[in-house]
There are 2 protein chains.
Amino acid sequence: MEERTLELPTHCQRTDLPDSVVQWDSREDCEVRKQLDRLADKWTLQVLALLDHRTHRFNELQRRLEGVSHRMLATTLRQLERDGMLIRTVHPTVPPKVEYTLTPLGRQLHGLMRPFVDWAESNTRTIAMARTAFDARATGQ
Amino acid sequence: MEERTLELPTHCQRTDLPDSVVQWDSREDCEVRKQLDRLADKWTLQVLALLDHRTHRFNELQRRLEGVSHRMLATTLRQLERDGMLIRTVHPTVPPKVEYTLTPLGRQLHGLMRPFVDWAESNTRTIAMARTAFDARATGQ
DNA sequence: CAGCATCCTTTGCGATACTG
DNA sequence: CAGTATCGCAAAGGATGCTG
């Protein structure tokens, strides 16, 4: 059976090379991987969710996330800001007041995750059962 | 302005609690987060992509991924198998021959990532520009 | 209040070596 | 060929304390 052009996500695929070199280039260069890493980090998606609902202040986010460290929230927000997913507005008052608002791009990104989230939710049971079965097989014999 | 039920992904949201306790519970219990973590780990998505194309043997995958360690490929495959995303078939020959095939569930999962991948690809430039602008602001002043 | 820098623990993952 | 176990390094991330 002859092999042909892979039906892989094209992003980091190098169609000019033999398919032994498919790679998205797991770490470097690959924008898709980087975005995926961002999304899957501990807080990004939750921040997106909260900000998609409405603008929040820093401490407001921190209280709602409950468990996030000051440091990681700051880091997460900075990276999202850097990528153009949110706008950081500093009100020059004392004490300072900083507000975070999603950009349209940020809303798009969050919106894209919905199908995935729904899928994960609706397949929780299925997956749990698969695991139980697997573990039984592993332990049993 | 009164706050109301959050328009957050509902999965790990606890609507029975005040919204200070939104949390998906970043680590434990949350199936969505776990799946997201899986997807974003270094190799899972690439494995899904290859297997969505066709059944592969272990070493075949390893060669194609080029860069994956034996250990991590085995781990990745095991977890996908445990979650019911793929089937591992052992042919009782010498030397052994083991084949990995996606289940319908696994195909669904991979399919779900396509919109995201497309989005990430088509916004690479936009994001890069946002970064350049951000870094300029940061350095400049 | 917001956000850096410092320190220290935990996790991820590659390298390697051994088994059926 | 496929899989497991042990080791060690490097990155992620939490705690805490200092600054405007």
Side-chain angles (χ1 to χ4, degrees), chain A residues 23 25-28 33-34 36-47 50-51 55-82 86-101 134 137-139 141, chain B residues 23 25-28 33-34 36-47 50-51 55-82 86-101 134 137-139 141:
Chain A
Q23 67 189 58
D25 255 323
S26 16
R27 272 284 162 238
E28 38 274 326
R33 270 230 54 83
K34 284 188 200 149
L36 194 54
D37 283 345
R38 299 258 77 258
L39 269 175
D41 80 5
K42 216 172 166 181
W43 306 107
T44 298
L45 194 46
Q46 295 174 78
V47 168
L50 286 169
L51 292 186
T55 294
H56 281 74
R57 298 182 57 178
F58 187 93
N59 276 0
E60 219 172 17
L61 287 171
Q62 186 168 23
R63 271 191 303 276
R64 294 192 124 188
L65 262 38
E66 179 115 22
V68 71
S69 67
H70 193 132
R71 182 181 165 285
M72 283 317 293
L73 181 54
T75 306
T76 302
L77 287 169
R78 265 193 101 68
Q79 266 156 334
L80 286 172
E81 185 195 2
R82 188 169 113 100
L86 59 78
I87 301 286
R88 176 169 164 276
T89 313
V90 183
H91 300 272
T93 57
V94 179
K97 172 176 172 178
V98 182
E99 290 186 321
Y100 295 90
T101 310
F134 180 90
R137 259 176 285 145
T139 315
Q141 58 199 0
Chain B
Q23 68 188 58
D25 254 325
S26 16
R27 270 285 162 238
E28 37 273 328
R33 270 230 55 82
K34 284 187 200 150
L36 195 54
D37 283 343
R38 301 256 80 258
L39 272 175
D41 79 8
K42 214 171 166 182
W43 305 107
T44 297
L45 195 45
Q46 295 176 77
V47 169
L50 286 170
L51 292 185
T55 294
H56 280 74
R57 296 182 57 179
F58 187 93
N59 276 0
E60 220 173 15
L61 287 171
Q62 187 168 23
R63 271 191 303 276
R64 295 193 125 191
L65 261 37
E66 179 114 21
V68 71
S69 66
H70 193 129
R71 182 182 165 285
M72 283 316 294
L73 181 55
T75 306
T76 302
L77 288 169
R78 265 189 98 69
Q79 266 157 335
L80 285 172
E81 186 195 1
R82 187 168 114 100
L86 60 78
I87 301 287
R88 176 169 164 276
T89 313
V90 184
H91 300 272
T93 57
V94 180
K97 172 177 172 177
V98 181
E99 290 187 319
Y100 294 89
T101 309
F134 180 90
R137 259 176 285 144
T139 316
Q141 58 197 0

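Every chain is numbered from 1, with letters handed out A, B, ... down the list of sequences.
- Across the protein-nucleic acid pair, Arg38(B) atom CZ and dC13(C) atom P stand 9 Å apart, rounded to whole Å.
- Proximity of Arg88(B) to the phosphate of dG3(D): a side-chain N or O atom is located under 4.0 Å from OP1 or OP2.
- Computed from coordinates, the Glu60(A) CD to dG3(C) P distance equals 13 Å when rounded to whole Å.
- The base of dG3(C) is paired with the side chain of His70(A) by a donor and an acceptor separated by under 3.5 Å.
- By the 4.5 Å heavy-atom criterion applied to side chains, Val47(B) and Leu65(B) are counted as neighbours.
- Of the candidates dG3(D), dA2(C), dG14(D), the closest approach to any side-chain atom of Ser69(A) belongs to dG14(D).
- In this structure, Leu73(A) places its CG atom 14 Å from C1' of dC4(C), rounding to the nearest Å.
- When rounded to the nearest whole Å, the span between CG of Leu65(B) and P of dC13(C) equals 13 Å.
- The distance between atom CG of Leu39(B) and atom P of dG12(C), rounded to the nearest whole Å, is 15 Å.
- Side-chain proximity of Pro96(A) to the nucleotides dC1(C), dG13(D), dG14(C) is greatest for dC1(C).
- The side chain of Arg57(B) places an N or O atom within less than 4.0 Å of a non-bridging phosphate oxygen (OP1 or OP2) of dA2(D).
- Side-chain contact between Tyr100(B) and Ile87(B): absent, with no pair of heavy atoms (C-beta onward) separated by less than 4.5 Å.
- Here dG14(C) is the nucleotide among dG14(C), dC4(C), dT6(C) with the atom lying nearest to any side-chain atom of Arg71(B).
- A 4.5 Å side-chain heavy-atom check between Leu77(B) and Leu61(B) finds at least one atom pair inside the cut-off.
- The separation between Lys97(B) atom NZ and dG3(D) atom P is 14 Å, rounded to whole Å.
- Checking dG13(D), dA2(C), dC13(C) against every side-chain atom of Met72(B), the shortest atom distance belongs to dC13(C).
- As rounded to whole Å, 11 Å separates atom P of dA15(C) from atom CD of Gln62(B).
- One atom, CG of Asn59(B), and another, P of dG3(D), lie 9 Å apart when rounded to the nearest Å.
- For the pair Thr76(B)/Arg78(B), no side-chain contact is recorded, criterion being any heavy-atom separation below 4.5 Å from C-beta on.
- Neither OP1 nor OP2 of dC1(C) sits under 4.0 Å from any side-chain N or O of Tyr100(A).
- Nearest heavy atom pair, residue Arg33(B) against residue Lys42(A), reads NH1-O, 3.7 Å.
- Note on Trp43(A): every side-chain N or O is 4.0 Å or more away from OP1 and OP2 of dA12(D).
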